[in-house]
Asks: 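My questions will all concern the structure given below.
All values reported here derive from a predicted model rather than from experimental measurement. First listed ligand is number 1; within each ligand, the first listed atom is number 1.
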Amino acid sequence: MAEAQARQRGEHAEDVSAERLAESGLRFEVDGEIATITLDRPDKRNAQTFATWSALAAIGDNLPEQVRVVVVKGEGPSFSAGIDLRMFTPEGVPGQGSFSSVARSGDTDFEHNIRKAQAGFLWLRRPEIVSIAAVHGHAIGAGFQLALSCDLRIVADDVKFCMKEPALGLVPDLTGTKPLVELVGLAKAVDICLTARMVHAEEAMRIGLAEQVVARDDLDRAVRDKAAELLSTNRDAAAATKRLLQGARARTLEEQSIAEGLEQAVRIKTLFGG
Ligand code: ACO
């Protein structure tokens, strides 16, 4: 109870202090029901490290309960150039090791570390929120996957998505493969990933990777407008509807109809139950 109240008040500042986030290459701001996460290492094209991912997870763990819309954006010329390439060097990122050290660790440690990194992405799909990636410039590798981890993508006309991992001998493992296939279909996902080619704005819009393409200067405004539209519906009905939509693919029509009825029963009782 005390924990839930603390979350509601947006406490636990020690976990997501501006200082810790800055060290991890992030900024985090809450304005009423809208939270904004900004990738903030523009001089390194917002390259991401393990610290970035655990800070993202900490933001998710401490998200104030009033928040309904989470915007993820990037500072500077790129949304994100993906994983910090120092991870591929023997020296790695100071204090965070490298893939050489990861390769020497046991399989259990390795899987644990990946799960920890993925936690920074997975919470963005929670039913209680709608996440919007505001993407401009390059969104490469982990940057592309971060955009894919959001519910919606509003992109600037200079956007360049690229799933670079297979070109580097890796697989995309930051939760991006499932949303990519669901958005664009298996054949197009194979094409995009196994060629590691750039997907530009026009194609992103055409194949369902982006909901909206706007001029670079209009990106912030377009995201603000979408957030306002999303906030215009009932909070609990929106969460219940998102739960239904998220479960739809895995259910039969009959099962989905039952799920709709169960969610509606709760809504009706809440609205008209006296
Ligand atoms: N990791 C660490 N540093 C990076 C990264 C990165 N992923 N990307 C860019 N930087 C640094 C550059 O080293 C450079 O630093 P410096 O000024 O100290 O020399 C600075 O950011 C600017 O980079 P430029 O290449 O000069 O910027 P430009 O705008 O010309 O190009 C681009 C941007 C296309 C994103 C290019 O930087 C690039 O290709 N980066 C690497 C992308 C990549 O392979 N990412 C890994 C994907 S796989 C994965 O994420 C799991």
Asks: Geometry only, no angles: is A142 polar-contacting ligand 1 at N/O separations under 3.5 Å?
Replies: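 The answer is yes, given that A142 and ligand 1 share an N or O pair closer than 3.5 Å.
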Asks: Just to verify, which of R45, Q96, R41, Q48 counts as forming a side-chain hydrogen bond (donor to acceptor under 3.5 Å, both in side chains) with D84?
Replies: R41
Asks: If you scan the protein for heavy atoms around atom 27 (O) of ligand 1, do you find one that is closer than 4.0 Å?
Replies: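 So atom 27 (O) of ligand 1 has protein heavy-atom neighbours under 4.0 Å.
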Asks: Is there a donor-acceptor pair closer than 3.5 Å between any side-chain N or O of Q145 and the backbone N or O of G176?
Replies: yes
Asks: Quick test: of every protein heavy atom, which one is nearest to atom 41 (C) of ligand 1, and how far off is it to 0.1 Å?
Replies: L85 CD1, 3.7 Å
Asks: Considering only protein heavy atoms, which is closest to atom 51 (C) of ligand 1, and at what distance to one decimal place?
Replies: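 It is E165 OE2, 3.4 Å.
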Asks: I'd like to know if the side chain of D218 reaches the main chain of V214, judged simply by a donor and an acceptor atom lying under 3.5 Å from each other, with no hydrogens or angles considered.
Replies: no
Asks: For G141, take its heavy atoms, then give the atoms of ligand 1 lying under 4.0 Å from any of them.
Replies: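 Per the distance check, 49 (C), 50 (O).
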Asks: Right, does atom 36 (C) of ligand 1 have protein non-hydrogen atoms nearer than 4.0 Å?
Replies: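 Within 4.0 Å of atom 36 (C) of ligand 1, no protein heavy atoms are found.
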Asks: Take atom CZ of F99 as the centre, draw a 6.0 Å sphere, and report whether it contains more than 12 heavy atoms from other residues, nucleotides or ligands.
Replies: yes
Asks: When V213 is tested against each of I154, V159, D157 for side-chain contact (heavy atoms from CB on, under 4.5 Å), which residue passes?
Replies: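 The residue from I154, V159, D157 that satisfies side-chain contact (heavy atoms from CB on, under 4.5 Å) with V213 turns out to be D157.
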Asks: Under a 4.5 Å cut-off applied to non-hydrogen side-chain atoms, are F79 and I140 in contact?
Replies: no
Asks: Which of the atoms of ligand 1 are close to K164, meaning less than 4.0 Å from one of its heavy atoms?
Replies: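 So the atoms of ligand 1 that pass are 43 (C), 44 (O), 47 (C).
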Asks: Is ligand 1 less than 4.0 angstrom away from at least one heavy atom of D43?
Replies: yes
Asks: Show the atoms of ligand 1 that are less than 4.0 angstrom away from any heavy atom in A47.
Replies: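 Numbered from 1, ligand 1 contributes 1 (N), 2 (C), 6 (C), 7 (N).
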Asks: Identify, for atom 49 (C) of ligand 1, the protein heavy atom at the shortest distance, and state residue, atom and that distance.
Replies: I83 CG2, 3.4 Å
Asks: Nearest protein heavy atom to atom 39 (O) of ligand 1, by residue and atom, and its distance?
Replies: I140 CD1, 4.4 Å
Asks: Strictly less than 4.0 Å: does any protein heavy-atom distance to atom 13 (O) of ligand 1 fall in that range?
Replies: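 Protein heavy atoms within 4.0 Å of atom 13 (O) of ligand 1 - there are none.
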Asks: Please name the residue in the list D31, V71, V69 that meets the side-chain contact (heavy atoms from CB on, under 4.5 Å) test with T36.
Replies: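 That would be V71.
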Asks: Is any side-chain heavy atom of R126 less than 4.5 Å from a side-chain heavy atom of I129?
Replies: yes
Asks: Of all the atoms in ligand 1, which lie at a distance below 4.0 Å from a heavy atom belonging to L168?
Replies: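 Atoms satisfying the 4.0 Å criterion: 48 (S).
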Asks: Mind checking whether R45 has an N or O less than 3.5 Å away from an N or O of ligand 1?
Replies: yes
Asks: Quick one: nearest non-hydrogen protein atom to atom 16 (P) of ligand 1, plus distance?
Replies: K44 NZ, 3.5 Å
Asks: Is it true that L170 lies under 4.0 Å from ligand 1, counting heavy atoms only?
Replies: no
Asks: Decide whether Q118 and R115 meet the rule of one side-chain donor and one side-chain acceptor closer than 3.5 Å.
Replies: yes
Asks: Side chain of S78, backbone of A81: donor and acceptor closer than 3.5 Å?
Replies: no
Asks: If the cut-off is 4.0 Å to any non-hydrogen atom of G82, which atoms of ligand 1 fall inside it?
Replies: 50 (O)
Asks: Counting N and O atoms only, with roles assigned by atom type, does the side chain of D40 sit under 3.5 Å from a partner on the main chain of N46, one being a donor and the other an acceptor?
Replies: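 Absent.
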Asks: In the protein, which heavy atom is nearest to atom 40 (N) of ligand 1, and how far is it?
Replies: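 Result: A81 CB, 4.1 Å.
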